[in-house]
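Below is one structure, written out as structure tokens; the observations come after it.
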There are 2 protein chains.
Amino acid sequence: MDDKLSLQQFLPYRCNSLAQRISVSLARIYVQKFGITVPEWRTLVALSEYGELQSKQIAAHTSMDKVRVSRAVASMTDKGLLSRRPCDRDSRAAFLTLTEEGLELYRRIVPEALAWEERLLAPLSEQEQAALFSLLDKLDLRLAELSSD
Amino acid sequence: MDDKLSLQQFLPYRCNSLAQRISVSLARIYVQKFGITVPEWRTLVALSEYGELQSKQIAAHTSMDKVRVSRAVASMTDKGLLSRRPCDRDSRAAFLTLTEEGLELYRRIVPEALAWEERLLAPLSEQEQAALFSLLDKLDLRLAELSSD
DNA sequence: CCGTTATAGTTTCAAAAGAAACCATGTTAA
DNA sequence: TTAACATGGTTTCTTTTGAAACTATAACGG
């Protein structure tokens, strides 16, 4: 068995390099223009979406590990973007919410992020866009299956 | 304009987290089982595919920057996986090829990598797989357009 | 020719990331 | 109770990464 493999046809490579290029491109918006990092951006979105979350839940919603979340939360707290409310039931944990300032930042970034995504997706028809997301869903699902056994 | 954005519907996030999960999963093969890193793996594939390349060309074929390539090449040279042949026309550059040992490693990894990919893609029909790659192609293309202006 | 500029590749430095150890609190079961 | 274990979150340490500086050579323009 002497298989040949072409990077261009190899899904892990294709996915990785696409994601990388997207990241770099998009980073220009929230890193350079708004001064936040990717983990901070994700945290911002998660909190705006769910209102009040513990770090652990942020991690779950953003596919980040707890260290990354911890650092993002710390830095955002410093910047005044979010505030912690202690949890009575469990003094180790804290509930986090966006401050008005955090929400304000969110409201300024989102339109730009969405506009950027729209430009990226512009050449794809509605059907293609739907197909793309559906394929991503299936792959996510499949990965979960594979890692569980 | 007060848009809402959901991470789950945001392509940059979806792409990134999928790529990340794929990487971690696949890394078990070539990192743990064969002791090479991702940049080394990509270099291995590029060289096996094109025969003899300069670092610069490896970079072009693998979407890695020259620093990453340089390190991969250095480490692979140490491990005896590739050999350099000086270039007459330009003494700064060198032509790189896989050694027999490098080829041997390649031949051992490839079947496993392909098998893994096949398992990942198993739930997708032929049409879906084709659609997936075609969509990735289009997005790659689009990114090139976007970054050029 | 010779000075400027470009290029191949390496090295250095600083930022980002993850693994593992850690701290403090909570939970469970003897 | 209280001893073992689990959990939320932080810190520490090491590895990976990329940007920028650097070295050496090549190409170009006057």
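What you see is a predicted model; the values in this text were computed from it and never measured.
The CG atom of A:L26 lies 14.5 Å from the OH atom of B:Y13; values are rounded to the nearest 0.5 Å. Rounded to the nearest 0.5 Å, atoms CG (A:L146) and CZ (B:R119) are 6.0 Å apart.
Here the side chain of B:Q20 is nearest to one of C:dA8, D:dA20, C:dG18, namely C:dG18. Side-chain proximity of B:V67 to C:dT11, C:dG18, D:dG9: nearest is C:dT11. When the nucleotides C:dA17, D:dT10, D:dA19 are ranked by their closest atom to the side chain of A:S55, D:dT10 comes out on top. Here the nucleotide nearest the side chain of A:K56, chosen from D:dG8, D:dA20, D:dT10, is D:dG8.
Projected onto DNA chain C by closest heavy-atom contact, A:R68 and B:A93 fall at different nucleotides, the more 5' of which corresponds to B:A93.
Atom pair A:D78:CG and D:dT10:P shows a separation of 12 Å (rounding to whole Å applied). Rounded to an integer number of Å, the gap from A:M76 CE to D:dT10 P is 14 Å.
Contact annotation: A:R84 reaches the phosphate of D:dT10 (side-chain N/O to OP1 or OP2, under 4.0 Å). Side-chain nitrogen and oxygen atoms of A:R71 include none within less than 4.0 Å of the OP1 or OP2 phosphate oxygen of C:dA15. A close approach under 4.0 Å does not occur between any side-chain nitrogen or oxygen of A:Q57 and OP1 or OP2 of D:dG9. Note on A:S70: a side-chain N or O is less than 4.0 Å away from OP1 or OP2 of D:dT10.
For the segment residues 29-52 of chain B, the set of residues with a heavy atom within less than 4.0 Å of an atom of DNA chain C is empty.
Under the salt bridge (Lys or Arg N to Asp or Glu O under 4.0 Å) test applied with B:R107, the options B:E100, B:E112, B:E101 reduce to a single match, B:E100.
No side-chain donor-acceptor contact under 3.5 Å links B:T99 to the backbone of B:S83.
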Polar-atom pairs under 3.5 Å, protein N or O versus N or O of nucleotides 22-29 of chain D: list them with distances, or write none.
unit_1	atom_1	unit_2	atom_2	d
D:dT25	O3'	B:S91	OG	2.8
D:dT25	O2	B:R92	NH1	2.9
D:dA26	OP1	B:S91	N	2.8
D:dA26	OP1	B:S91	OG	3.3

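Residues B:S25 and A:L143 meet the side-chain proximity criterion, which asks for heavy atoms closer than 4.5 Å.
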**Request:** Run the numbers on A:K4 and B:E49 for salt bridge (charged side-chain N to carboxylate O under 4.0 Å, His left out), then give the verdict.
**Result:** CA-CA 8 Å; A:K4 267 277 165 197; B:E49 202 171 352; over 6 Å; no

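Across all strands shown, A:A74 has no heavy atoms under 4.0 Å from either base or sugar-phosphate atoms.
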